[in-house]
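I have placed the structure first, in the form of structure tokens, so that the comments after it can refer back to it.
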Number of protein chains: 2
Amino acid sequence: MASQRGEGETTATPLEPADRERARAIPEAAVARLAVYLRVLSGMADQGVTAVSSEELSQAAGVNAAKLRKDLSYIGSYGTRGVGYDVEVLVSHIERILGLTRNHSVAVVGIGNLGHALANYGGFPGRGFPVTALFDVDPDLIGVPVGGIPVSHIDDITAVCLEREVSIGVIATPPPAAQSVCDRLVSAGVQCILNFAPVVLQVPDNVEVRKVDLAVEMQILSFHVARRADEAAHVSVGNNGLGVDGMVIRP
Amino acid sequence: MASQRGEGETTATPLEPADRERARAIPEAAVARLAVYLRVLSGMADQGVTAVSSEELSQAAGVNAAKLRKDLSYIGSYGTRGVGYDVEVLVSHIERILGLTRNHSVAVVGIGNLGHALANYGGFPGRGFPVTALFDVDPDLIGVPVGGIPVSHIDDITAVCLEREVSIGVIATPPPAAQSVCDRLVSAGVQCILNFAPVVLQVPDNVEVRKVDLAVEMQILSFHVARRADEAAHVSVGNNGLGVDGMVIRP
DNA sequence: CCGACTTTGTGCATGCGTTCACAAGCGGTA
DNA sequence: TACCGCTTGTGAACGCATGCACAAAGTCGG
């Protein structure tokens with residue numbers, strides 16, 4: 001990856017003007033898929049695969065081949081017609097577009113069950129996201145190392161975040177604390193937040209929030225269960241008047 | 001799946017024919033938002049609020065008011081013009097559409113850090129999703145109760161899932177095990193899967209999978225960090241020739 | 001060197017989701 | 001009862017994303 005342009009290059013790779021325009025134009029949905037392609041490609045590279053066609057890659061990523069090619073075209077033309085894509089080349093270009101050539105220091109707030117799990121994830125999946133700070137309010141936790149990092153008190157959040165240049169904050173607190181934690185992160189200069197608390201966060205425009213909401217996910221699945229069950233019931237009604245699990249459906 | 005529950009139904013509410021057609025037509029994106037509205041409404045109900053306008057609710061849920069009204073219109077017309085919506089009425093209708101009047105037994109596979117966190121979540125956020133089975137391969141874990149449920153061996157997955165009428169399977173295993181676990185869940189009749197493993201699962205058409213992918217979420221945030229930083233650099237170039245963190249940008 | 005075959009990259013059409021804007025409907029008031 | 005102000009519900013326009021289908025461009029065999 002990466003790219004030693006200039007002289008004192010460390011981690012960050014500046015984008016060429018052409019890339020910059022492209023990055024602006026990439027649809028959000030495509031960005032999410034690029035991350036998936038990247039993982040699949042990394043797996044392939046580990047197994048010694050050097051070239052791949054859009055057809056193969058799309059199957060492995062679980063998407064339409066045309067969609068995959070369009071997604072890749074957003075970041076440039078790095079394939080060879082008649083052949084396919086070079087795995088390494090693709091990996092490095094996706095990493096560059098996703099900003100993975102730069103390190104993103106992560107802070108986890110709320111060291112409960114979930115916070116523990118996150119802190120122990122070990123440098124976070126797909127490295128490049130070192131967890132450098134942990135916060136909680138529980139006095140018994142302060143100073144205790146979790147996953148190698150000692151827990152700081154939440155009141156120190158601003159100082160610690162600034163000092164360790166935290167660029168991504170992860171909220172894993174109970175719901176009532178989430179908004180207040182969020183506000184503190186924002187005032188500490190954190191502009192990207194991953195929220196696990198089942199709360200709709202209010203943030204200024206310049207802050208990006210993504211939420212992972214278990215309750216919502218479960219309820220979406222529940223919706224599909226219900227829909228399926230109901231369709232089945234609808235079909236079976238007229239046969240025996242009974243739904244899928246013996247439930248009586250009114251005529 | 002499923003089956004033999006007797007006659008006198010306990011929890012499930014069958015949908016009226018009109019509702020059934022509606023349920024089919026609700027866009028996936030709207031379903032996700034309905035779950036959010038439900039949570040906000042529940043919170044309001046707990047605080048004694050009995051009526052709410054689309055404007056208030058949409059603000060609390062962080063969406064456009066028009067979108068909220070359209071989302072609600074998918075499930076029927078339960079508002080009063082000139083007044084707003086009755087909180088309780090709305091709650092019960094959303095619950096019905098999302099299938100929350102029925103209980104969804106949940107199985108968690110992979111009792112590592114994340115699995116522990118999930119099992120201890122305590123009946124899962126927004127009750128209605130009792131965790132009734134836990135699975136792992138580690139002999140030291142088998143039989144040990146986590147969050148009140150003893151861990152079963154993964155080889156017993158089919159029998160246990162059938163017996164406990166599991167309708168939602170949660171995969172929290174290491175990546176290499178995920179597909180195999182998924183296959184076993186499917187053959188045990190589980191039709192809805194929530195996947196935390198960073199793997200693209202291959203499933204038959206009749207199975208619904210939702211994935212929660214931390215790496216992808218982080219990378220999407222990373223993309224935004226990079227885009228922001230790059231825009232900032234682009235602006236500052238021409239001023240002092242330096243990017244955001246003192247990085248040299250070529251002229 | 002040429003022609004056949006393969007696979008990319010993309011213009012275009014289609015469909016879905018979001019947003020706007022307004023008529024319809026309801027409660028309150030005189 | 002008739003009017004007025006407020007809020008819902010929704011038709012219609014718009015914009016984004018997906019999928020199709022094909023020309024462009026490359027490789028490989030002869």
Side-chain angles (χ1 to χ4, degrees), chain A residues 18-19 21-37 41 44 49-91 93-94 97 216 220 223, chain B residues 18-19 21-37 41 44 49-91 93-94 97 205 220 223:
Chain A
D19 290 333
E21 286 159 31
R22 282 206 183 89
R24 237 188 281 284
I26 303 180
E28 186 84 11
V31 174
R33 286 190 298 267
L34 282 172
V36 174
Y37 305 153
L41 286 165
M44 287 177 169
V49 178
T50 59
V52 67
S53 72
S54 64
E55 190 61 41
E56 296 170 278
L57 184 52
S58 69
Q59 291 236 336
V63 303
N64 183 304
K67 192 190 294 187
L68 176 130
R69 288 200 298 273
K70 181 146 294 204
D71 288 343
L72 293 182
S73 79
Y74 289 129
I75 66 174
S77 301
Y78 303 112
T80 307
R81 296 174 192 228
V83 179
Y85 300 89
D86 181 283
V87 174
E88 298 235 351
V89 169
L90 219 45
V91 164
H93 281 288
I94 295 177
I97 290 287
V216 169
I220 293 172
F223 170 78
Chain B
D19 289 334
E21 285 160 34
R22 282 208 182 87
R24 239 188 280 285
I26 302 179
E28 185 85 9
V31 173
R33 286 191 298 267
L34 283 171
V36 174
Y37 305 153
L41 286 166
M44 288 177 168
V49 179
T50 59
V52 67
S53 73
S54 63
E55 190 61 40
E56 297 170 277
L57 184 51
S58 70
Q59 291 236 337
V63 303
N64 184 304
K67 192 191 291 188
L68 177 128
R69 289 200 299 274
K70 179 142 293 205
D71 287 344
L72 292 182
S73 80
Y74 289 130
I75 67 173
S77 300
Y78 303 113
T80 307
R81 296 172 192 231
V83 179
Y85 300 90
D86 182 284
V87 174
E88 298 236 350
V89 169
L90 219 44
V91 165
H93 281 289
I94 295 177
I97 289 288
D205 288 344
I220 293 172
F223 171 79

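Atoms considered below: every heavy atom in the structure, side chains included; atoms not considered: hydrogens, waters and symmetry mates. Throughout, protein chains are lettered first and strands after them, A, B, ... in sequence-line order, and every chain is numbered starting at 1.
A heavy-atom distance below 4.5 Å is found between the side chains of B:Phe223 and A:Ile26. Residues A:Leu34 and A:Leu72 meet the side-chain proximity criterion, which asks for heavy atoms closer than 4.5 Å.
Put simply, CG on A:Asp71 is 10 Å from C1' on D:dT18, counting in whole angstrom units. One interatomic measurement links the two molecules: CG of B:Leu34 to P of C:dG17, which rounds to 13 Å at whole-angstrom precision. The CG atom of A:Leu90 sits 12 Å away from the C1' atom of C:dT8 (whole-angstrom rounding). When rounded to the nearest whole Å, the span between NZ of B:Lys67 and C1' of D:dG15 equals 13 Å. Between B:Glu56 atom CD and D:dC6 atom P the separation is 14 Å, expressed in whole Å.
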Pairs under 3.5 angstrom, nitrogen or oxygen only, protein versus nucleotides 8-10 of chain D, please.
unit_1 : atom_1 : unit_2  : atom_2 : d
D:dT8  : OP1    : B:Ser54 : N      : 2.5
D:dT8  : OP2    : B:Ser54 : OG     : 2.5
D:dT8  : O2     : B:Arg81 : NH1    : 3.1
D:dG9  : OP1    : B:Tyr78 : N      : 3.4
D:dG9  : OP1    : B:Gly79 : N      : 2.9
D:dG9  : OP2    : B:Tyr85 : OH     : 2.6
D:dG9  : O4'    : B:Arg81 : NH2    : 3.0
D:dG9  : N7     : B:Arg69 : NE     : 2.9
D:dG9  : O6     : B:Arg69 : NH2    : 3.0

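Summarising the geometry, atom OG belonging to B:Ser73 is positioned 11.5 Å from atom OH belonging to B:Tyr78; distances are rounded to the nearest 0.5 Å.
Of all non-hydrogen atoms in B:Ala65 and B:Ser54, the two that sit nearest each other are CB-O, 4.3 Å.
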**OP:** Could you check A:Val63 against A:Val36 for side-chain contact (heavy atoms from CB on, under 4.5 Å), going step by step and ending with a plain yes or no?
**Re:** CA-CA 10 Å; A:Val63 303; A:Val36 174; over 6 Å; no

**OP:** Test A:Arg33 against A:Leu68 for side-chain contact (heavy atoms from CB on, under 4.5 Å), laying out the working first.
**Re:** CA-CA 8 Å; A:Arg33 286 190 298 267; A:Leu68 176 130; over 6 Å; no

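In this structure, B:Asn64 does not reach the C:dG17 phosphate: none of its side-chain N or O atoms is under 4.0 Å from OP1 or OP2.
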